[in-house]
Protein chains: 2
Amino acid sequence: MPDRQDAVPRTKEYATGRVTRRAIIAEAAEAFAEKGFHGASLRGIAREAGVDHATLMHHFGNKTALLLAVIEWHDAQDAATSLPAMDFTVEGVVDAFVGVAERNRATPGLVQLLSTLSAEAGREGHPARAALQQRHQVLVDVFAAIIRLRRDEGAVDDDGLSPEVHAALIVSTWEGLQVYDALHPGDVDVPELLARTLRRELGLDGPLSG
Amino acid sequence: MPDRQDAVPRTKEYATGRVTRRAIIAEAAEAFAEKGFHGASLRGIAREAGVDHATLMHHFGNKTALLLAVIEWHDAQDAATSLPAMDFTVEGVVDAFVGVAERNRATPGLVQLLSTLSAEAGREGHPARAALQQRHQVLVDVFAAIIRLRRDEGAVDDDGLSPEVHAALIVSTWEGLQVYDALHPGDVDVPELLARTLRRELGLDGPLSG
DNA sequence: GTCTATAGCGAGATAGAC
DNA sequence: GTCTATCTCGCTATAGAC
């Protein structure tokens, strides 16, 4: 695998840096998913993208920020099509998120990277902390709203937990399942267990049997 | 903070290397919990322990192995007192593990490190993968045995999941809660939510009330 | 044999020149 | 916006001390 110096043609748009950024992100997505976060090197990614190591650093600042850019780019492809199409009903929300879990099976490398990042960002001052907190918060807000709705409908009974805490418990289970699945391949079926959890917690398995 | 070269006296036991190992582990535990896995440097830990960087490498091989040694050392202090005292009843198991979760609150740095390690080890070939798999398996075995017991007793109904998968779901929830807690401090009460989850899944909240 | 030290490689990250 | 130079780091290989 010698020089791919000219994989990105030096067009006018190239001079703006956008092509450079996108080329780096594309190479980084491949490298991270293939070799893992620590296994991939910024020098190698930069070389494959046809730029210098310091140029990559100029655009992204640090390795974690580059990984975040990769994840955002990956999310944008998924969310742009799936989430807007989600109707805000209990069944719609469950189907949408189970669908995300199912599509995640196609990119286990990125899921594992995201799990690692979530755990790493648990430390104050981590460069990705705010982004990961917001990422969780989006899920918690959706689930908490559904839980409130279902309690008002009488479909689930109030267990004494605030809807937000109950939602956090669901999100934690989902994330924990992804970690467990990566560590014990084949032992658990993440989309199925997520679906079971959601149906039970959101009262879709019959009147107050959950 | 200049040289602490002579923090460990050159006694006869020192020559066996055990004192050196323990001194390194003690410094590593402090450094990892304080600065995180990547923030702490082996050179710094070695310097604080009064040995050379290469000496540390000789004893532990790599940074991850040192972290594992720290965690094993931490576990040994906890497990040696709590788990043998656990009676193998449903209440006993729940109390024992909720107790572990409560004691974990005292060392959030190490818990966060372990969460990160679990996520990282989700990649094949990771140096700590086998150790983390076994660590999970111990928990799954205990919970699966209890679930079997409770099903035989008729205290919980068979939900169609194997006891092992159901146990894996519980372990995943616990681990996920620890990650969530580190990322959103104060939003969730890990021991309380673990206790709720265990009581519900193991049928301690009344006859088949789920 | 057991333990410790030296030297070097490639990595992430920073600073400054162009 | 890009590159050169430099820092410290994890890690390996190898040799020396007890």
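Naming convention: chains lettered A, B, ... in sequence-line order (proteins, then strands); numbering from 1 in each chain.
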Atom pairs, protein N/O to nucleotides 8-12 of chain D N/O, distance under 3.5 Å:
| unit_1 | atom_1 | unit_2 | atom_2 | d |
| --- | --- | --- | --- | --- |
| D:dG10 | OP1 | B:A40 | O | 3.2 |
| D:dG10 | OP1 | B:L42 | N | 2.9 |
| D:dG10 | OP1 | B:K63 | NZ | 3.2 |
| D:dG10 | OP2 | B:L42 | N | 3.0 |
| D:dG10 | N7 | B:R43 | NH1 | 2.5 |
| D:dG10 | O6 | B:R43 | NH2 | 3.4 |
| D:dC11 | OP2 | B:K63 | N | 2.7 |

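- Screening residues 164-173 of chain A for side chain to side chain donor-acceptor pair (under 3.5 Å) gives A:R148-A:E164, A:D159-A:H166, A:H166-A:E201, A:T173-B:T173 as the qualifying pairs, with residues at least two apart or on separate chains.
- Look at B:T55 and you won't find any side-chain N or O under 4.0 angstrom from OP1 or OP2 of C:dC3.
- B:R151 places no side-chain N or O within 3.5 Å of a backbone atom of B:V156 that could act as its donor or acceptor partner.
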Using the 3.5 Å cut-off, write out each protein N or O paired with an N or O of nucleotides 16-18 of chain C and the distance between them.
none

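- Heavy-atom minimum distance, B:A168 versus A:V188: CB-CG1, 3.7 Å.
- Residue A:R22 contributes atom CZ, which lies 15 Å from atom P of D:dG1 at whole-angstrom precision.
- Summarising the geometry, the separation between CD1 on A:I45 and C1' on C:dG10 is reported as 15 Å, rounded to the nearest angstrom.
- With sequence neighbours excluded, no residue forms a side-chain contact (heavy atoms from CB on, under 4.5 Å) with A:A26.
- Here the P atom of nucleotide C:dC3 and the CZ atom of B:F60 are 12 Å apart, to the nearest Å.
- Distance CG (B:D52) to P (C:dT4): 10 Å, rounded to an integer number of Å.
- Scanning for side-chain hydrogen bond (donor to acceptor under 3.5 Å, both in side chains) contacts around B:R135 gives B:D75, with sequence neighbours left out.
- Shown here are the salt bridge (charged side-chain N to carboxylate O under 4.0 Å, His left out) partners of B:R123, two or more places apart in sequence or in another chain: there are none.
- Residue A:L56 contributes atom CG, which lies 9 Å from atom P of C:dG12 at whole-angstrom precision.
- In this structure, A:H58 places its NE2 atom 5 Å from C1' of D:dG1, rounding to the nearest Å.
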Going by atom type alone, with no hydrogens or angles, which donor-acceptor pairs under 3.5 Å involve a side-chain atom of residues 36-45 of chain A and a protein atom two or more places apart or on another chain?
| unit_1 | atom_1 | unit_2 | atom_2 | d |
| --- | --- | --- | --- | --- |
| A:H38 | NE2 | B:H38 | NE2 | 2.5 |
| A:S41 | OG | A:G44 | N | 2.8 |

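- Residues passing the side-chain hydrogen bond (donor to acceptor under 3.5 Å, both in side chains) test with B:E192 are B:R196, sequence neighbours excluded.
- Contacts of B:L149 classified as side-chain contact (heavy atoms from CB on, under 4.5 Å), with partners at least two apart in sequence or in another chain: B:E153.
- Contacts of B:N62 classified as side-chain hydrogen bond (donor to acceptor under 3.5 Å, both in side chains), with partners at least two apart in sequence or in another chain: none.
- Remark: B:T20 is not in phosphate contact with C:dT2, judged by side-chain N or O atoms under 4.0 Å from OP1 or OP2.
- Looking at residues 112-124 of chain A, you'll see that no heavy atom sits under 4.0 Å from any atom of DNA chain C.
- Annotation: ring pair (Phe, Tyr, Trp, His ring centres under 6.0 Å) contacts of B:Y180 (sequence neighbours excluded): A:H136, B:H184.
- Following rounding to the nearest Å, A:H59 (NE2) and D:dT2 (C1') show an atom-to-atom distance of 8 Å.
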